[in-house]
Amino acid sequence: MKWLVSPGFDLGWFVVPGLLALVMALVLGLTTPNGQSDGGVGLWIAAVVLIDVAHVWASLYRTWLDRDARRLHADRLRWTPILVFLIGFMAHAIEPRLFWGLLAYLAVFHFIKQQIGFVALYLRAGREPSRDAKLAKLAIWAGTALPVVYWHARLPREFAWFVPEDFVAGLPAVIGTLAVWAQVPILLGFFARRVWLHARGEGHPMVSILVAITALSWNLGIVWFDDDRVFTLTNVVLHGVPYMALVWIAGGRETIARGLGRVRPRWATSVPILLAGFYLTLVGLAFIEEGLWDRLIWHDHATLFGTGSLELDAFATTLIVALLTVPQATHYLLDRWIWIVGPRNPKLATQLRL
């Protein structure tokens with residue numbers, strides 16, 4: 001049975017963070033229900049800055065900082081940020097709610113597709129037939145998209161994907177209830193099939209684990225609790241931590257090592273130093289981005305980023321929002337191509353031991 005690195009690495013980075021987030025979210029939801037505690041700045045830093053925004057910047061290691069990617073994806077790397085900015089600027093100029101709605105639905109699709117991508121890696125590693133691959137992908141869609149349907153049928157809620165009213169309201173409540181229950185036969189069928197496969201010594205166990213933890217996270221964060229803290233933990237950790245681990249083994253480590261290649265003494269290029277360089281670079285970029293968002297647009301974290309703000313008119317606000325969204329939206333779109341095993345990413349199969 002193949003693993004991307006090893007059982008310890010794969011479980012430690014792709015499973016354990018999501019399980020810990022589930023436990024923490026459950027404790028928060030049960031001990032301080034109905035949002036009686038907002039989690040404070042500590043939760044925001046840990047989940048949003050150190051994981052969510054940091055993982056967006058991790059795409060740099062698979063794109064502009066990778067020599068092969070710059071050559072093979074030259075047109076996409078050149079035009080995607082420009083198009084993202086132009087579309088974002090026009091959408092926000094027409095109506096800010098239109099802008100945030102488009103970005104929210106793009107984000108939902110990206111989050112779901114990323115979980116499908118994680119599962120697909122292990123389907124390929126386990127050389128599983130197409131029928132099992134299709135069933136696993138269907139199970140991921142059921143455990144993620146159907147809770148989102150429930151969300152639409154229960155608006156407004158105590159949490160939003162980005163900002164209040166970024167999702168379209170008006171779906172009847174009964175549709176949301178049916179969506180939640182529609183998960184059950186699909187997931188039961190999937191897990192029954194996995195039990196049968198494992199009994200025969202077939203099927204990669206990570207496929208079952210990732211589908212289960214994904215469905216649990218999306219249902220806990222969206223259906224079971226109406227709590228921003230629970231949603232943030234279950235939404236961000238499962239998505240961001242495994243992504244950064246994947247980037248680390250798929251070019252991130254090599255890029256940092258190349259950058260520190262002339263550093264002496266030799267311990268400067270040891271794994272802990274490389275890992276620190278890899279992650280602290282992302283954290284630095286994340287704090288810069290969030291500092292700009294806070295000082296120019298949100299003004300929510302004066303203790304971190306200071307007080308005082310510029311007086312921005314509608315045009316300037318639209319311009320800044322469109323610019324600050326470029327890294328995030330570009331990450332959403334480029335992920336469609338930079339993880340496809342094949343001629344466009346010739347080193348990827350070797351890096352992921354596929």
Backbone N or O of Glu128 within a donor-acceptor pair of the Asp132 side chain at under 3.5 Å? no

In Å, rounded to the nearest 0.5 Å, how long is the span from CD1 of Ile116 to CG of Leu138? 9.5 Å

Please examine the side chains of Thr63 and Thr330, heavy atoms only from C-beta on, and report whether any two atoms are closer than 4.5 Å. no

I'd like to know if the side chain of Gln115 pairs up with that of Trp218 as donor and acceptor (distance under 3.5 Å, no hydrogens or angles considered). no

Return the orientation label for the Phe109 and Trp141 ring planes: parallel under 30°, perpendicular over 60°, tilted otherwise. tilted

Decide if atom CH2 of Trp181 counts as having more than 12 heavy atoms of other residues, nucleotides or ligands within a radius under 6.0 Å. no

Can you tell me how far the CG atom of Leu102 sits from the NE2 atom of His92, to the nearest 0.5 Å? 11.5 Å

Taking the side chain as everything from C-beta on, heavy atoms only, tell me whether Phe14 gets closer than 4.5 Å to Val241. no

Counting C-beta onward and ignoring hydrogens, is there a side-chain heavy-atom pair between Gln183 and Pro147 closer than 4.5 Å? yes

Relative to each other, are the rings of Trp339 and Tyr243 parallel, tilted or perpendicular (30° and 60° limits)? perpendicular

Would you please indicate yes or no on a ring centroid separation below 6.0 angstrom for Tyr105 and His152? yes

Asp335 bridged to Lys113 by N-O distance under 4.0 Å: no

Do Thr177 and Arg154 pair up side chain to side chain, a donor and an acceptor below 3.5 Å, judged on atom types alone? yes

Taking the six-membered ring for Trp, are Phe111 and Trp161 closer than 6.0 Å centroid to centroid? yes

Give the C-alpha distance, both sets of side-chain angles, the deciding distance and a yes or no for side-chain contact (heavy atoms from CB on, under 4.5 Å) between Leu238 and Phe118. CA-CA 11 Å; Leu238 180 68; Phe118 290 155; over 6 Å; no

With a 4.5 Å limit on heavy-atom distance, are the side chains of Trp13 and Trp248 in contact? no

Taking the side chain as C-beta and beyond, is there a heavy-atom pair between Thr350 and Lys347 under 4.5 Å? no

Give me the one residue out of Arg127, Arg353, Arg124 that meets side chain to side chain contact (heavy atoms under 4.5 Å, CB included) with Lys2. Arg127

Any side-chain heavy-atom pair of Ile140 and Val119 under 4.5 Å: yes

Classify the ring geometry between Phe167 and Trp151 as parallel (under 30°), tilted (30 to 60°) or perpendicular (over 60°). perpendicular

Counting only N and O atoms by type, is there a donor-acceptor contact under 3.5 Å from the side chain of Asp294 to the main-chain atoms of Gly306? no

Would you say that Leu22 contacts Ser217 through its side chain, given a criterion of any heavy-atom pair below 4.5 Å between the two side chains? yes

Can you check whether Phe225 reaches Leu220 side chain to side chain, under 4.5 Å on heavy atoms? yes

Measuring centre to centre across the rings, with the benzene-like ring taken for any Trp, is His73 within less than 6.0 Å of Trp337? no

Looking at Arg62 and Gly251, would you say the former's side chain and the latter's main chain have a donor-acceptor pair under 3.5 Å? no

Can you tell me if CZ on Arg336 sees more than 12 non-hydrogen neighbours from other groups inside 6.0 Å? no

